[in-house]
Amino acid sequence: MSIVKSIQQATIRSLHSLFENDFSEKDFQINQTKPEFEGDYTIVLFSLVKSLKLSPDEIGNKLGTELLSKQPELFSSYNIIKGFLNVTINDEYWIAFLQKNYHDICFGKQAMNGKKVMVEYSSPNTNKPLHLGHLRNNFLGWSVAEILKANGYEVLKSCIVNDRGIHICKSMIAWQLFANGATPQSTQTKGDHFVGDYYVKFNDAYKQQIAELKNKGMSEAEAEKNAPIMLQTQQMLLDWEAGKPEVMELWEKMNHWVYEGFEETYKKIGCDFDKTYYESNTYLLGKDIVQEGLQKNVFHKKDDGSVWIDLTPDGLDEKLVLRKDGTSVYITQDIGLAKQKYDQYKIDQSIYVIGDEQNYHMKVLKLIAQKLGLPYADDIYHLSYGMVELPTGKMKSREGTVVDADDIVAEMIATAKQHTEALGKVKDFSEEDLKHLYNTIGLGAMKFYLLRVDPKKKMIFNPEESIDFHGFTGPFVQYTYARIKSILRKEPTLEKNNNYSALLPLEKEVIFNLEQFPSIIIEAAKELNPSCIANYLFNVAKTFNSLYAELSISNAESHEKKQLRLYIAVMTSNVLQSGMQLLGIQMPERM
RNA sequence: GGUUCGGUAGCUCAGCUGGAUAGAGCAUCAGCCUUCUAAGCUGAGGGUCAUUGGUUCGAAUCCAAUCCGAAUCACCA
């Protein structure tokens, strides 16, 4: 049980025996005591003043005395300042906590709860390489999956690949027109970048044709519709849907190039999936559900044959679910895929990691599912995250301001290399170990940077600040870990010893922080927010670094103090490691 | 225009189930390596928590209005 819970229960019991009333944890608050006051936790009593008809000081005095006399093993002293009851936790309690948990590498994790969750994330288009925004998505999805696992869920990571549609045909047409048979191999280009280049070439050619048509007197809209390259692309989409062999062959060839590129990137950044869905297989799903909806009168058919749902009573609009030609739209497929996921895996919850520009779409999806009375409707959850922007504004592929995922990862790793070499601490490492270390640090910096802010907020990616490896960063936490490991390599054995003198403030502060780890993991899962973990880990590392600077571990003033600090060091390293693991970040033994 | 989200230090962000003098990091300035890794530590300066009103013992936090910014409202995906 967490210490806050223990204090809550002790307070409830004491209030009951003092005032003969029943209280719950909602009747008072427990906060961390501010550093300028003496104590560990503060019980805020103002809310009890009315019902007890006593002043906060009177309640505080009675409660403080009662707590101390009833549970001397938990509380060692109290004081009251301006109506706040500050209690100090007994050192014995902290030490017992430390001894019990310091070696437990599963500390903070919950037992399996029998619930199954699917986390869908990444969801790339196969017409261009991944960019910075995808990285936020990937790291978020991965981390949320890990956090849910730590909370006892069985987690399935899934990915829907958007591998068909007009955007894919654009790359294909451009390749046919401009490539002269070039391939990733022949040009020494990573497959996804190769295909992405043709997507750009399409847009260049398209723009040029529009300009030409406008010169001939067409309006902008007309020109956009009638540009030959666009007409060709639309024809290709029809051919694809008809399964025309040469189109399918080209499509498969180019997708294959992209997948090779993606695989390399995913491997590099440490992402994987338990199940990959391809839109080319799922885009027809959901049509049967539309029929069902028509029968249930949830949907209605217009004169032209198109099928709609009226969501205006819910404050939304009228939405199309089936085109007049009978083909499905985005939302139709998503309804179908949601059903397939549920049928196939019997999941209890379905989490979609998708950018906040699709908030409306996801709201509609859930609402339609609810109106259809689908059993999984309420278990659809959109984990919406904000866009990644540059200090100069939004990333725009057309203006060439997109930060490419492979580029930025490579840059972070190169920076890690540069720092490591400048510091010269690992000169005895082999080439292979060095490479691994640079990856660990560079990716650690990248992941931490993208995960340390609240997912739902948009974030500014500042290239200069992001390559800083000092302060509130991944390498800072990694460094703290490596320092501890360095000590532990020299001090391998721990003795059992129960003879500890009073805790020094810094010792207590570190233990105090470590104790919160389980609560933080629960909070992170509740909010689906890895930034809780990142902020917490930074705090733990910072506090430990203060202790490290002020107090010697190996040359502690006494044998007992040395043992105690070794316990603290071991537990800190364990918490840092398992916490960073929840963010998908590895820890170096040395750096 | 409707809906949704956001506005906290020069910059990037915490804090938001109401609690004591609003916190970090970066940047700036001043210190600390003959002793466990200085990717570190200690300290200083820096704030009208967008604005106004309300709720109350108490508001960055809750409510309302206003201002500013973003996303979205396709027979695109």
Side-chain angles (χ1 to χ4, degrees), chain A residues 26 29 31 33-34 36-37 42 44-47 49-50 56 81-84 86 123 125 162 164-168 279 283 302 304-308 315-325 327-331 333-334 355-361 363-364 384 386-387 389 391 394 416 419-420 422-423 425-426 441 445 449 452-454 456-462 464-466 468-480 482-491 531-532 534-535 538-539 541-542 545-556 562 565 569 590-591:
Chain A
K26 281 175 191 148
Q29 269 180 56
N31 299 334
T33 302
K34 300 234 165 194
E36 56 268 35
F37 303 102
T42 298
V44 184
L45 303 162
F46 295 97
S47 45
V49 168
K50 263 189 189 157
I81 297 168
K82 295 203 306 204
F84 294 89
N86 302 318
S123 308
N125 289 328
N162 299 309
R164 51 136 248 137
I166 193 87
H167 54 299
I168 310 296
E279 203 187 294
Y283 80 107
K302 289 198 175 171
D304 65 0
S306 57
V307 181
W308 298 75
L316 305 176
D317 306 271
E318 203 175 30
K319 291 292 290 184
L320 175 91
V321 293
L322 208 61
R323 294 192 188 100
K324 64 183 173 216
D325 62 7
T327 58
S328 58
V329 290
Y330 187 30
I331 197 89
Q333 306 168 31
D334 272 357
D356 61 7
E357 79 270 15
Q358 298 206 35
N359 284 353
Y360 181 80
H361 171 77
K363 205 168 161 183
V364 169
S384 162
M387 295 291 102
E389 295 179 8
K394 275 184 208 155
H419 279 278
T420 306
L423 291 165
K425 293 177 185 175
V426 288
I441 298 173
Y449 186 85
R452 70 183 203 187
V453 307
D454 188 337
K456 64 175 178 287
K457 290 193 180 176
K458 73 170 187 210
M459 67 179 293
I460 311 281
F461 180 86
N462 185 329
E464 275 142 49
E465 189 195 319
S466 67
D468 198 336
F469 285 12
H470 304 267
F472 186 20
T473 66
F476 175 91
V477 180
Q478 292 173 321
Y479 178 68
T480 309
R483 274 172 142 190
I484 295 174
K485 286 291 163 173
S486 170
I487 296 174
L488 297 180
R489 275 192 295 274
K490 293 166 199 156
E491 307 282 353
S531 79
C532 303
N535 280 285
F538 174 63
N539 233 336
K542 198 155 58 102
N545 280 331
S546 296
L547 180 145
Y548 182 95
E550 293 292 317
L551 305 169
S552 179
I553 296 172
S554 298
N555 298 313
K562 179 169 168 176
R565 287 177 200 159
R590 289 176 58 192
M591 67 184 277

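Because the structure is predicted, anything quoted here is derived from the model rather than measured. Per chain, numbering begins at 1; letters A, B, ... match sequence-line order. Note that these values count all heavy atoms, side chains included, but never hydrogens, waters or copies made by symmetry.
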What pair of heavy atoms forms the shortest contact from A/Q333 to A/Y283, and how long is it?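 A/Q333 and A/Y283 have their closest heavy atoms at CG-O, 3.5 Å.
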
Grab the two heavy atoms, one from A/S384 and one from A/G355, that are nearest each other, plus how far apart they are.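 Closest approach of A/S384 to A/G355: OG-C, 4.4 Å.
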
Proximal nucleotide (of [options]) relative to the [X] side chain:
{"X": "A/R590", "options": "B/G40, B/U37, B/U35", "value": "B/U37"}
{"X": "A/S554", "options": "B/C36, B/G6, B/C13", "value": "B/C36"}
{"X": "A/K490", "options": "B/C13, B/C41, B/C36", "value": "B/C36"}
{"X": "A/E550", "options": "B/A14, B/C41, B/A20", "value": "B/C41"}

Using the [atom1] atoms only, state how far [M] lies from [N], rounded to an integer number of Å.
{"N": "B/A60", "M": "B/G23", "atom1": "P", "value": "12 Å"}
{"N": "B/U48", "M": "B/C11", "atom1": "P", "value": "12 Å"}
{"N": "B/C62", "M": "B/C49", "atom1": "P", "value": "16 Å"}
{"N": "B/A50", "M": "B/G15", "atom1": "P", "value": "15 Å"}
{"N": "B/A22", "M": "B/G46", "atom1": "C1'", "value": "14 Å"}

Under-3.5 Å N/O pairs linking protein and nucleotides 25-31 of chain B:
unit_1: B/G25; atom_1: O2'; unit_2: A/F472; atom_2: N; d: 3.2
unit_1: B/C26; atom_1: O3'; unit_2: A/D468; atom_2: OD2; d: 3.4

For A/Q29, give me all partners under side-chain contact (heavy atoms from CB on, under 4.5 Å), at least two apart in sequence or on another chain.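 Expected list: A/N31, A/V44.
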
What is the distance, rounded to the nearest whole Å, between atom [atom1] of [X] and atom [atom2] of [N]?
{"X": "A/K458", "N": "B/C68", "atom1": "NZ", "atom2": "P", "result": "16 Å"}
{"X": "A/F46", "N": "B/A20", "atom1": "CZ", "atom2": "P", "result": "10 Å"}
{"X": "A/N462", "N": "B/U12", "atom1": "CG", "atom2": "P", "result": "8 Å"}
{"X": "A/N31", "N": "B/U61", "atom1": "CG", "atom2": "C1'", "result": "13 Å"}
{"X": "A/N555", "N": "B/U35", "atom1": "CG", "atom2": "P", "result": "11 Å"}
{"X": "A/K34", "N": "B/G58", "atom1": "NZ", "atom2": "P", "result": "18 Å"}
{"X": "A/E36", "N": "B/G19", "atom1": "CD", "atom2": "P", "result": "15 Å"}
{"X": "A/M459", "N": "B/U12", "atom1": "CE", "atom2": "P", "result": "11 Å"}

Restricting to ring-ring contact (aromatic ring centres under 6.0 Å, His included), what partner residues turn up for [X], sequence neighbours left out?
{"X": "A/H419", "answer": "A/F469"}
{"X": "A/F46", "answer": "A/F84"}
{"X": "A/F538", "answer": "A/F472, A/F476"}

Starting at the 5' end of RNA chain B and moving along, which residue's nearest nucleotide shows up first, A/T480 or A/I460?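 Looking at the nearest nucleotide for each, A/I460 comes out on the 5' side.
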
Judged by each residue's nearest nucleotide on RNA chain B, which is more toward the 5′ side, A/V453 or A/L423?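 This one resolves to A/V453.
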
For side chain to side chain contact (heavy atoms under 4.5 Å, CB included), just list the numbers for A/M591 and A/V426, CA-CA rounded to whole Å, side-chain angles, deciding distance to a tenth of an Å, and then say yes or no. CA-CA 7 Å; A/M591 67 184 277; A/V426 288; 5.6 Å; no

Excluding sequence neighbours, so at least two apart, what forms salt bridge (Lys or Arg N to Asp or Glu O under 4.0 Å) with [X]?
{"X": "A/K319", "value": "none"}
{"X": "A/E318", "value": "A/K302"}
{"X": "A/K562", "value": "A/E491"}
{"X": "A/R323", "value": "none"}

Categorize [X] for me: base, sugar-phosphate, or nothing, with a 4.0 angstrom heavy-atom threshold over every strand shown.
{"X": "A/L551", "answer": "base"}
{"X": "A/D334", "answer": "nothing"}
{"X": "A/T327", "answer": "nothing"}
{"X": "A/L316", "answer": "nothing"}

Distance, nearest 0.5 Å, that separates CG of A/L45 from OG of A/S47: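 Reported to 0.5 Å precision, the distance equals 7.5 Å.
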
Rounded to the nearest 0.5 Å, how far does CZ of A/R452 lie from OG1 of A/T473?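 Between atom OG1 of A/T473 and atom CZ of A/R452 there are 8.0 Å.
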
State the syn/anti category of B/C33 according to its glycosidic angle, syn meaning within 90° of 0.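 This nucleotide is in syn.
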
Which nucleotides of RNA chain B pair, in dot-bracket form (Watson-Crick or G-U under 3.5 Å, | meaning another strand): ((((((((.[[[[.)...(...]]]].(((((.......))))).....[[[[[..)....]]]]])))))))....

I'd like to know whether A/H167 forms a side chain to side chain donor-acceptor pair (under 3.5 Å) with A/N162, so could you lay out the CA-CA distance, the side-chain angles of the two residues, the decisive distance to 0.1 Å, and finally the verdict. CA-CA 10 Å; A/H167 54 299; A/N162 299 309; over 6 Å; no

Output yes if the stacking criterion (under 5.5 Å between centres, under 30° between planes) is met for A/F476 over the base of B/G40, else no.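 Check failed, A/F476 does not stack on base of B/G40.
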
B/A20 pyrimidine/purine six-ring stacking with A/F37, under 5.5 Å and 30°: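 Taking the rule of under 5.5 Å and under 30°, the ring of A/F37 does stack on B/A20.
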
Below 4.5 Å, heavy atoms only, C-beta onward: do A/L322 and A/S328 meet side chain to side chain?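 Result yes, sub-4.5 Å side-chain heavy-atom pair found.
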
Do A/R483 and A/N545 have side chains that approach each other closer than 4.5 Å (heavy atoms only, starting at C-beta)?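 Touching, per the 4.5 Å side-chain cut-off.
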
Is there a side-chain polar atom (N or O) of [X] under 4.0 Å from OP1 or OP2 of [N]?
{"X": "A/S486", "N": "B/U37", "result": "yes"}
{"X": "A/K82", "N": "B/U21", "result": "yes"}
{"X": "A/S546", "N": "B/U42", "result": "yes"}

Using the 3.5 Å cut-off, write out each protein N or O paired with an N or O of nucleotides 15-18 of chain B and the distance between them.
none

Is the base of B/A14 touched by the side chain of A/N539 through a donor-acceptor pair closer than 3.5 angstrom?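 In this structure, the two groups form no donor-acceptor pair.
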
Between the protein and nucleotides 73-77 of chain B, list every N/O to N/O distance that falls short of 3.5 Å.
unit_1: B/C73; atom_1: O2'; unit_2: A/D317; atom_2: OD1; d: 3.1
unit_1: B/C73; atom_1: O2'; unit_2: A/D317; atom_2: OD2; d: 2.8
unit_1: B/C75; atom_1: O3'; unit_2: A/R323; atom_2: NE; d: 3.4
unit_1: B/C75; atom_1: N4; unit_2: A/D304; atom_2: OD2; d: 2.3
unit_1: B/C75; atom_1: N4; unit_2: A/S306; atom_2: OG; d: 3.4
unit_1: B/C76; atom_1: OP2; unit_2: A/R323; atom_2: NE; d: 3.1
unit_1: B/C76; atom_1: OP2; unit_2: A/R323; atom_2: NH2; d: 3.0
unit_1: B/A77; atom_1: OP1; unit_2: A/R323; atom_2: NH2; d: 2.8
unit_1: B/A77; atom_1: OP2; unit_2: A/R323; atom_2: NH2; d: 3.1
unit_1: B/A77; atom_1: O3'; unit_2: A/E279; atom_2: OE1; d: 3.0
unit_1: B/A77; atom_1: O3'; unit_2: A/E279; atom_2: OE2; d: 2.5

